[in-house]
Amino acid sequence: MLTWRRVTEADLGLLREWLARPHVARWWNHDTSAEGVERDFGPAIRGEEPSEDLLVLLEGVPVGLVQRCRFADYPDYQAELAGQLDLPGTAVTLDYLVGDPDRVGGGLGPRIIRAVVAATWADHPDAAAVVVPVQAANRRSWRALEKAGLVHVGEVDLTPDNPADSQAHRVYRASRPERDHPR
């Protein structure tokens, strides 16, 4: 069974370990020092930043991380994307990783994405869509989005997380199911 909870200070060591693993480091490009991880995740833990950092557990064992936020809470990012693609004002976005390389490629990523997208409709009742830009070269990531049921809606140029990458991104979208629209 998949569950998740907010990341806590006690999880920062595990996040450092995951972020340093080659299959994650290639795409996340994070400073994995204790100070760097605290700088990047501490504000959300303390409620100083609107992003939700969610530790994903499988049968109680930590297996991944999902970051979920509203584009509107990050206006520069919203403007960069909205200038190239139809972006609902209430859209939410995700970033995600599977920490253990032995769990990559077995369907866990799409399962996590599908579950968090489904929970987003209840957690964010005004969210019209989940929109996820992903580095075009990260085929494994965009295939996970497709397997999770998100639809490819366009190509855009965005500032890459890793300066070694091009600006080319594929954008995927899940729209709120009709039955979940407020009447």
Side-chain angles (χ1 to χ4, degrees), residues 4 6-7 15 19 23-31 36-37 39-54 56 64-98 109-110 112-178 180-182:
W4 50 86
R6 292 284 188 126
V7 168
L15 294 184
L19 291 165
H23 76 285
V24 174
R26 166 64 186 93
W27 302 109
W28 279 64
N29 194 42
H30 263 257
D31 174 355
V37 172
R39 180 192 62 239
D40 293 341
F41 294 92
I45 291 170
R46 293 186 298 274
E48 300 165 1
E49 187 172 329
S51 163
E52 298 171 278
D53 294 336
L54 307 171
V56 179
L65 172 74
V66 173
Q67 292 182 307
R68 181 172 62 181
C69 67
R70 296 172 181 280
F71 280 99
D73 289 332
Y74 297 88
D76 291 344
Y77 186 37
Q78 181 179 29
E80 187 179 18
L81 185 58
Q84 302 176 67
L85 186 81
D86 179 31
L87 183 65
T90 60
V92 170
T93 191
L94 307 175
D95 205 352
Y96 43 84
L97 65 85
V98 172
I112 290 169
I113 294 165
R114 191 177 310 111
V116 172
V117 167
T120 298
W121 309 133
D123 296 346
H124 297 277
D126 67 332
V130 173
V131 177
V132 183
V134 64
Q135 173 54 241
N138 192 348
R139 185 176 193 281
R140 181 167 279 183
S141 184
W142 53 262
R143 287 290 296 137
L145 290 164
E146 290 171 350
K147 290 175 184 176
L150 281 78
V151 176
H152 178 241
V153 294
E155 311 282 329
V156 298
D157 288 332
L158 299 172
T159 304
D161 290 333
N162 188 334
D165 288 323
S166 77
Q167 291 186 329
H169 285 70
R170 295 173 60 96
V171 181
Y172 288 83
R173 177 180 171 141
S175 295
R176 177 177 288 280
E178 284 299 316
D180 291 340
H181 278 288

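Heavy-atom basis, side chains included; hydrogens, waters and symmetry copies ignored. Remember, predicted model here, so these are calculated numbers, not experimental data.
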Who passes ring pair (Phe, Tyr, Trp, His ring centres under 6.0 Å) against F71, sequence neighbours left out?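 Result, ring pair (Phe, Tyr, Trp, His ring centres under 6.0 Å) vs F71: Y77.
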Quick one: ring pair (Phe, Tyr, Trp, His ring centres under 6.0 Å) partners of W28, sequence neighbours excluded?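 Per chain and number, W28 pairs via ring pair (Phe, Tyr, Trp, His ring centres under 6.0 Å) with H30.
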Of all heavy-atom pairs between [X] and [Y], which one has the smallest distance, and what is that distance?
X: A127; Y: W121; value: O-CZ3, 3.6 Å
X: S51; Y: A44; value: O-CB, 3.6 Å
X: R68; Y: H124; value: NE-NE2, 3.6 Å

Contact between [X] and [Y] at the side-chain level, heavy atoms closer than 4.5 Å - yes or no?
X: S141; Y: W27; answer: no
X: N29; Y: P163; answer: yes
X: Q135; Y: P160; answer: yes
X: R173; Y: P88; answer: yes
X: R140; Y: H23; answer: no
X: R70; Y: V92; answer: yes

Rounded to the nearest 0.5 Å, how far apart are [atom1] of [X] and [atom2] of [Y]?
X: L94; Y: L145; atom1: CG; atom2: CG; answer: 8.0 Å
X: R46; Y: F41; atom1: CZ; atom2: CZ; answer: 12.5 Å
X: D53; Y: L15; atom1: CG; atom2: CG; answer: 8.0 Å

Is the number of heavy atoms from other residues, nucleotides or ligands within 6.0 Å of CZ (R139) greater than 12?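 No - once you tally the heavy atoms of other residues, nucleotides and ligands closer than 6.0 Å, there are 12 at most.
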If the condition is side-chain hydrogen bond (donor to acceptor under 3.5 Å, both in side chains), which residues does R114 pass it with, not counting sequence neighbours?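 By the side-chain hydrogen bond (donor to acceptor under 3.5 Å, both in side chains) rule, R114 matches no residue at all.
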Stepwise side chain to side chain contact (heavy atoms under 4.5 Å, CB included) test for W4 and V116: CA-CA 9 Å; W4 50 86; V116 172; 4.1 Å; yes
By the side chain to side chain donor-acceptor pair (under 3.5 Å) test, which pairs, at least two apart or in different chains, include something from residues 148-165?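 Non-adjacent pairs meeting side chain to side chain donor-acceptor pair (under 3.5 Å): R26-D165, E80-T159, H152-E155.
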Where at least one partner belongs to residues 84-95, residue pairs that pass side chain to side chain donor-acceptor pair (under 3.5 Å), sequence neighbours excluded: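 Listed by first then second residue: nothing to list.
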Apply side-chain contact (heavy atoms from CB on, under 4.5 Å) to A144 and list each qualifying residue two or more places apart in sequence or on a separate chain.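 Per chain and number, A144 pairs via side-chain contact (heavy atoms from CB on, under 4.5 Å) with P110, I113.
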Quick one: does any side-chain atom of Y172 pair with a main-chain N or O of V134 as donor and acceptor, under 3.5 Å?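 No, because the side chain of Y172 does not come within donor-acceptor range (under 3.5 Å) of the backbone of V134.
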Check: H169 side chain, Q167 main-chain N or O, donor-acceptor pair, under 3.5 Å: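 Side chain of H169 to backbone of Q167, a donor-acceptor pair under 3.5 Å: yes, one is there.
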Pair L150-W142, side chain to side chain contact (heavy atoms under 4.5 Å, CB included): steps then yes or no: CA-CA 9 Å; L150 281 78; W142 53 262; over 6 Å; no
